[in-house]
K.L.:
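Following this message is one structure expressed as structure tokens.
Numbered from 1 within each chain, the chains take letters A, B, ... in sequence-line order.
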Amino acid sequence: MPELPEVETVRRGLDRLVVGRRVGRVEVGRERVVRRTSPEALIHGLTGTTILAANRRGKYLLLPLDSGDELMVHLRMSGQLLVARAGTPRPAHTHVVMHLDPAGEQPGVGRGKQRGGQPGDQPGDEVWFVDPRTFGEVVVFDPGNVAVELPELAAMGPDPISEGLSLAQLRGIVRSRSRQLKPMLLDQHVIAGIGNIYADEILHRARLRPGRLSDSLSPAAERRLHSAIHEILGEAIMAGGSTLGDAQYLDLFGDNGSYQDDHKVYGRGGERCLTCATSWLRTTQYAQRTTVYCANCQR
DNA sequence: AAACAAACCTGTGCGC
DNA sequence: TGCGCACAGGTTTGTT
């Protein structure tokens, strides 16, 4: 489900509510979501640690811990990260639960107000990892050994938001290979964070067809692609991401995004193009993914 | 090097 | 109402 804007929205929620908090008890339900290591490794790696930051690279959430290890969460297609007061009934498919000590108990590290009560005088919060399809995963890894423990991180392309992607950089990327633009945008080794929704929206904004070869762009077209990547991702983050009809994507607090209301092509196959108002949007396939584009606007 | 297919799972919506 | 099929935001792996 979630692409860069959705993961970024979750990251901001973690930054507000989870960073600076100490992890108490950890529960693991289905082992599949900790398949990279084991339930014991996750529980041992998290229990008693304090979360120092909430970072994101592409669709990966990376939370450094005061132990020196790092927590990685990937939502894949149907994963959600939600916070709730301890004791709140959990939804189906809740596979990992992290109990957070009450806020304000950590001297020195706390971000929120030090609310001066005794530890334990209020229920702590819980962070839930919920994932019906169990494609997502949760792992504690050693960042000093990332090439072995999370090799895909080391091989990932630049993240346009968290790391930046200059026009010169994008020119280097598109000219150094001859790839169809849609599969290229989806390839996390090339640029990190773009998925099926935003690839289509970016190409429509840039007025480029999904099948155009990356090394066939004019300098002006390269500029349009560069601008579109930043504009679309930026607007989507401002809107809190896209929540589709099935409401699978919700942020940390259970709220939906609103960028779905601004989609110009995704999910609109067969409709008239909103931009040119003359052509009908075509649905086709690239990289085994449904792709919608306007043959009039996009060349 | 790049394109393609299948695989990993569960839920939902649609046609019959 | 019930059943079967197609399809879904992602990524990896193995083949052409």
Side-chain angles (χ1 to χ4, degrees), chain A residues 1-11 29-36 56-61 72-81 91-95 129-139 149-157 159 173-203 210-216 232-233 236-237 239-251 256-263 265-270 283-292:
Chain A
M1 115 178 127
E3 308 180 24
L4 186 154
E6 291 76 29
V7 180
E8 174 63 17
T9 303
V10 172
R11 188 201 69 74
R30 283 190 63 167
E31 294 195 20
R32 188 175 143 71
V33 305
V34 293
R35 58 194 173 280
R36 197 180 296 245
R56 180 191 58 73
R57 275 196 63 196
K59 301 166 194 169
Y60 290 75
L61 286 166
M72 186 282 278
V73 178
H74 198 305
L75 273 17
R76 283 298 216 288
M77 293 283 268
S78 59
Q80 298 177 329
L81 222 41
H93 309 293
T94 302
H95 303 312
F129 178 79
V130 180
D131 187 5
R133 291 173 75 176
T134 66
F135 287 175
E137 63 171 316
V138 182
V139 65
E149 298 185 27
L150 267 179
E152 65 268 41
L153 259 195
M156 197 157 47
D159 180 305
I173 286 170
V174 300
R175 293 178 185 181
S176 68
R177 66 205 85 205
S178 186
R179 291 192 66 177
Q180 296 177 318
L181 291 176
K182 169 86 186 244
M184 191 196 73
L185 289 177
L186 292 175
D187 187 342
Q188 304 298 298
H189 305 283
V190 178
I191 298 171
I194 299 169
N196 203 40
I197 294 175
Y198 298 106
D200 278 10
E201 295 298 322
I202 286 166
L203 289 172
R212 266 289 285 279
L213 292 178
S214 59
D215 60 354
S216 77
I232 295 289
L233 294 178
I237 290 169
S242 302
T243 298
L244 304 184
D246 57 15
Q248 275 292 299
Y249 167 69
L250 301 173
D251 72 12
N256 56 265
S258 64
Y259 195 69
Q260 66 280 359
D261 299 336
D262 295 326
H263 291 173
V265 283
Y266 179 86
R268 293 184 174 275
T283 301
T284 180
Q285 292 258 128
Y286 282 96
Q288 300 181 96
R289 313 300 300 283
T290 297
T291 298
V292 183

K.L.:
In terms of side-chain heavy atoms of Arg177(A), which of dT11(C), dA2(B), dC9(B) is nearest?
P.N.:
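Looking only at heavy atoms from C-beta outward on Arg177(A), the closest nucleotide is dA2(B).
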K.L.:
Taking only the side-chain nitrogens and oxygens of Arg289(A), find out if one of them lies under 4.0 Å from OP1 or OP2 of dT11(C).
P.N.:
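Arg289(A) to dT11(C) OP1/OP2: no side-chain N or O under 4.0 Å.
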K.L.:
Gln188(A) has a side chain; which of dT11(C), dC4(B), dG11(B) sits nearest to it?
P.N.:
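Given the options dT11(C), dC4(B), dG11(B), the side chain of Gln188(A) is closest to dT11(C).
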K.L.:
Can you check whether Arg32(A) has a side-chain N or O nearer than 4.0 Å to OP1 or OP2 of dC9(B)?
P.N.:
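So the side chain of Arg32(A) is within the cut-off, an N or O lying under 4.0 Å from OP1 or OP2 of dC9(B).
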K.L.:
Pair up each side-chain donor or acceptor in residues 185-201 of chain A with any protein partner under 3.5 Å, not counting sequence neighbours, and list the distances.
P.N.:
residue   : atom : partner   : partner atom : Å
Asp187(A) : OD1  : His189(A) : N            : 2.9
Asp187(A) : OD2  : Arg179(A) : NH1          : 2.6
Gln188(A) : OE1  : Gly193(A) : N            : 2.8
Gln188(A) : NE2  : Leu186(A) : O            : 3.1
Gln188(A) : NE2  : Ile194(A) : O            : 2.9
His189(A) : ND1  : Ala155(A) : O            : 3.3
Asn196(A) : OD1  : Lys182(A) : NZ           : 2.7
Asn196(A) : ND2  : Thr290(A) : O            : 3.0
Tyr198(A) : OH   : Glu6(A)   : OE2          : 2.6
Tyr198(A) : OH   : Ser242(A) : N            : 3.4
Tyr198(A) : OH   : Ser242(A) : OG           : 2.7
Asp200(A) : OD1  : Lys182(A) : NZ           : 2.6
Asp200(A) : OD2  : Val292(A) : N            : 2.9
Glu201(A) : OE1  : Lys264(A) : N            : 2.8
Glu201(A) : OE2  : Lys264(A) : N            : 3.1
Glu201(A) : OE2  : Val265(A) : N            : 3.0
Glu201(A) : OE2  : Tyr266(A) : N            : 2.8

K.L.:
Ser178(A) or Gln288(A): which one's nearest nucleotide on DNA chain B is closer to the 5' end?
P.N.:
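In this pair, the answer is Ser178(A).
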K.L.:
What does Arg35(A) touch in the nucleic acid at a heavy-atom separation under 4.0 angstrom: a base, only the sugar-phosphate, or nothing?
P.N.:
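Since no nucleic acid heavy atom lies under 4.0 Å of Arg35(A), the category is nothing.
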K.L.:
Where each residue is assigned the nucleotide of DNA chain B containing its nearest heavy atom, which of Pro183(A) and Thr134(A) is assigned the position nearer the 5′ end?
P.N.:
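Result of the comparison: Pro183(A).
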K.L.:
Phe135(A) on top of dT11(C)'s base, within under 5.5 Å and under 30°?
P.N.:
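Given the distance and angle limits, no, they do not stack.
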K.L.:
Give a yes/no on whether any side-chain N or O of Thr290(A) is located under 4.0 angstrom from OP1 or OP2 of dC7(C).
P.N.:
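For dC7(C), neither OP1 nor OP2 has a side-chain N or O of Thr290(A) closer than 4.0 Å.
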K.L.:
Identify the nucleotide, in any strand shown, that forms a Watson-Crick or G-U wobble pair with dT12(B), with both distances under 3.5 Å; if there is none, say none.
P.N.:
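Pairing partner: dA6(C).
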K.L.:
By nearest atom, which of the nucleotides dT12(C), dA8(C), dA6(B) is closest to the His189(A) side chain?
P.N.:
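Looking only at side-chain atoms, His189(A) lies closest to dT12(C).
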K.L.:
Heavy atoms only, 4.0 Å cut-off, all strands: where does Tyr286(A) land among base, sugar-phosphate and nothing?
P.N.:
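Since no nucleic acid heavy atom lies under 4.0 Å of Tyr286(A), the category is nothing.
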K.L.:
I want to check one thing: is the phosphate of dA3(B), taken as OP1 and OP2, less than 4.0 Å away from some side-chain N or O of Arg179(A)?
P.N.:
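Result: yes.
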K.L.:
Just the rounded figure in Å: distance from P of dG10(C) to CG of Leu61(A).
P.N.:
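Rounded to the whole Å, the gap is 15 Å.
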